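None of the values given here were measured: they were computed from a predicted structure. FYI, side chains are in, hydrogens and waters are out, and symmetry mates aren't considered; it's all heavy atoms of this structure. Just follow the structure's listing: the first ligand is 1, and inside any ligand the first atom is 1.
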Amino acid sequence: MTGPALKTALPGPKAKAIIARDARAVSTSYTRDYPFVMARGEGAFAEDVDGNVFLDCTAGIAVASTGHSHPAVVAAIVDQAHKFLHMSGTDFYYEPQVQLGEELSAIAPMPGPHRSFFANSGTEANEAALKLARYHTKRQNIIAFLGAFHGRTMGSLALTASKLTQRRGFGPFAPGVLHAPYANCYRCPVGNSPDTCAAECLRFIEEQLLVHLVSPDEVAAIMVEPIQGEGGYVVPPNVFHERLRELTAKHGMLLIVDEVQSGMGRTGKMFAIEHTGVQPDVVTMAKGIASGLPLGVATARSEIMSWPPGTHASTFGGNPVACAASLATLKLLREGLVKNAEVVGAHMMARARGLMDTHPLVGDVRGRGLMIGLELVRDRHTKERATRERDAVVHECFARGLLVLGAGQNAIRLSPSLVLTKEQADTAIGILDQALTSVSARRP
Ligand SMILES: Cc1ncc(COP(=O)(O)O)c(C=O)c1O
């Protein structure tokens with residue numbers, strides 16, 4: 001598949017018909033930014049039901065890490081499917097799950113030995129980590145960050161502090177959760193610049209939360225995204241994670257890193273936290289770990305994950321077909337795709353930064369590897385958020401054959417498959433350039 005190549009007006013007739021049926025049969029809670037109806041995919045391309053081919057810089061929200069339907073992943077799925085589809089790893093044993101636990105232990109961003117808990121999604125991986133932290137420490141409270149996204153089930157949702165629509169109408173939330181500011185250098189909560197950042201925003205935890213609201217010996221864990229994903233692809237300085245590690249170690253709290261979006265090679269290292277040298281106690285994964293099959297994992301040091309049988313389990317979690325897809329995915333990541341994310345990511349980042357020269361609308365470009373965010377602002381000085389313009393740029397990209405998604409209130413995220421080539425990255429940036437030009441021309 002090559003492209004982008006558009007054949008019909010968008011949405012085309014077949015897409016329109018499916019969207020009309022969707023409106024009657026499917027939950028209204030999903031956020032569909034534009035009318036893309038997928039028929040098939042190959043590598044970094046996605047074709048819609050009317051035969052229009054798009055360059056996909058979403059990878060289904062950072063999931064299709066090895067590209068759409070990588071032949072090696074499909075072969076592993078088919079092979080496992082012929083043997084057996086399910087036997088519940090909760091009640092029985094099967095080798096693909098054991099092997100995946102072993103392989104995750106070999107790459108985990110902290111010293112072993114490790115054990116892994118298998119679930120079906122990012123939110124479930126985080127639920128497991130939260131329950132484990134409470135169980136292991138015998139403490140109740142958890143600290144998370146403003147702007148965080150950890151999932152939408154009731155435990156994770158209590159930690160999620162990204163968009164109000166995700167919380168409004170669903171309270172009360174699980175008790176014992178406190179939020180602190182995240183080190184967003186573009187909008188520093190304490191007015192520092194990135195060069196002078198000493199993660200002073202963490203003083204809020206030490207001098208406010210742990211003084212006025214909760215005793216440190218009653219905090220089970222701090223959960224943090226190494227790079228905030230849904231929050232706007234926000235990359236904190238390393239010192240932020242370093243100080244979090246010091247703080248948690250000092251008070252006997254667990255440090256849980258949520259690598260659901262930033263993990264599995266996307267940033268040019270297997271885990272984004274590896275860029276900081278910080279070693280967490282627990283790491284959670286999902287999205288890109290199985291190239292599109294549902295799988296979530298919480299991996300912890302073995303001495304922490306020693307809860308007795310029956311304390312936590314899942315019928316489908318660690319399904320053998322998902323484990324087989326994950327083993328094939330990890331092999332592809334190790335054998336070149338993590339490196340490709342680093343190399344093509346650096347190229348794409350440089351090209352994206354170049355857009356700042358000609359587009360005042362682009363206030364900031366940041367990220368690591370193929371996890372790249374562009375924050376749009378109406379004025380670079382006031383940093384007024386250009387939310388409407390961001391939405392318009394996303395639509396203009398779609399109209400030109402490029403799939404991108406928003407992140408946070410006013411950022412665009414580029415989270416393509418890790419098979420992306422430099423030429424495809426150039427095509428994506430070229431389309432983004434045109435979209436920005438078109439939206440800027442329409443501004444008053
Ligand atoms: C960092 C992070 N954690 C957790 C989740 C939740 O994952 P899921 O939608 O698979 O439940 C997401 C999803 O976007 C995420 O980005």
Side-chain angles (χ1 to χ4, degrees), residues 27 29-33 58-65 109 117-131 133 142 144-163 165-167 170 174 177 179 182 184 221-236 241 255-267 270-273 280 282-299 314 316-319 322 325-326 329 367-373 404-408 411-415:
S27 168
S29 60
Y30 301 130
T31 42
R32 273 71 170 268
D33 285 340
T58 75
I61 324 191
V63 169
S65 50
F117 177 88
F118 295 98
N120 307 285
S121 63
T123 196
E124 283 180 59
N126 287 336
E127 294 281 347
L130 294 176
K131 287 180 71 177
I142 311 277
F145 292 91
L146 297 170
F149 189 89
H150 295 298
R152 298 169 187 266
T153 50
M154 285 311 264
S156 307
L157 182 59
L159 274 69
T160 288
S162 181
K163 296 196 182 95
T165 42
Q166 293 154 356
R167 290 172 67 93
F170 297 114
V177 176
H179 287 95
Y182 194 79
N184 179 348
I222 297 186
M223 182 179 275
V224 66
E225 291 163 271
I227 297 175
Q228 274 192 345
E230 303 297 304
Y233 277 29
V234 178
V235 187
H241 289 297
L255 180 62
I256 305 170
V257 295
D258 176 346
E259 293 262 11
V260 167
Q261 189 150 174
S262 59
M264 312 333 291
R266 172 152 300 282
T267 65
M270 194 60 91
F271 296 98
I273 197 71
V282 184
V283 56
T284 60
M285 298 155 260
K287 287 195 184 284
I289 194 171
S291 295
L293 262 68
L295 183 67
V297 186
T299 297
S314 159
F316 288 115
N319 166 277
S326 183
T329 299
R368 290 195 200 272
L370 285 172
M371 183 170 189
I372 301 174
V404 295
L405 284 169
I412 293 171
R413 78 179 97 183
L414 303 175
S415 59

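If you number the atoms of ligand 1 from 1 as listed, the ones under 4.0 Å from a heavy atom of S121 come out as 10 (O), 11 (O). With ligand atoms numbered from 1 in the order given, ligand 1 contributes 1 (C), 2 (C), 3 (N), 4 (C) to contacts under 4.0 Å with heavy atoms of D258. The distance from ligand 1 to the heavy atoms of K287 drops below 4.0 Å at these ligand atoms: 12 (C), 13 (C), 14 (O), 16 (O). Residue N126 has at least one heavy-atom neighbour below 4.0 Å for each of these atoms of ligand 1: 3 (N), 4 (C).
For atom 7 (O) of ligand 1, a protein non-hydrogen atom is found at a distance below 4.0 Å.
In terms of N/O distances under 3.5 Å, ligand 1 is not approached by V260. Note: an N/O pair closer than 3.5 Å links T123 and ligand 1 by distance alone. Annotation: A286 places no N or O atom under 3.5 Å from an N or O atom of ligand 1; distance criterion only.
Not one N or O on the side chain of T284 forms a donor-acceptor pair closer than 3.5 Å with the backbone of A125. With hydrogens and angles disregarded, a donor-acceptor distance shorter than 3.5 Å links the side chain of E225 to the backbone of G229. Looking at R152, its side chain never comes within 3.5 Å of a backbone N or O of L157 through a donor-acceptor pair. Looking at S291, its side chain never comes within 3.5 Å of a backbone N or O of A64 through a donor-acceptor pair. Formation of a donor-acceptor pair under 3.5 Å by the T58 side chain with backbone atoms of L405 is not found in this model.
Contacts with ligand 1 closer than 4.0 Å are made by side-chain heavy atoms of E230 only, the backbone lying farther away. Contact annotation for T153 and ligand 1: no heavy atom of the residue comes within less than 4.0 Å of the ligand. Residue contacts with ligand 1 for R152 are absent, since no atom lies close enough (heavy atoms, distance under 4.0 Å). Only the side chain of E225 comes within 4.0 Å of ligand 1, counting heavy atoms alone; its backbone N, CA, C and O stay farther away.
From T329, atom OG1 reaches atom CG of L293 across 8.5 Å, with rounding to the nearest 0.5 Å.
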Practice problem: Tell me, with the steps shown, if I61 and E230 meet side-chain contact (heavy atoms from CB on, under 4.5 Å). | Solution: CA-CA 10 Å; I61 324 191; E230 303 297 304; 4.1 Å; yes
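The shortest contact between atom 2 (C) of ligand 1 and any protein heavy atom is with F149 O, 3.2 Å. Considering only non-hydrogen protein atoms, atom 16 (O) of ligand 1 sits nearest to Q261 NE2, 2.8 Å. At the shortest separation from atom 10 (O) of ligand 1 among protein heavy atoms lies G122 N, 2.8 Å.
Side chains of S156 and N126: no donor on one and acceptor on the other come within 3.5 Å.
Checked options Q228, R368, Q261; the residue passing with Y233 is Q261 (criterion: side chain to side chain donor-acceptor pair (under 3.5 Å)).
For G229, the heavy-atom gap to ligand 1 stays at 4.0 angstrom or more.
Considering only residues two or more places apart in sequence or on other chains, F117 meets the ring-ring contact (aromatic ring centres under 6.0 Å, His included) condition with H312.
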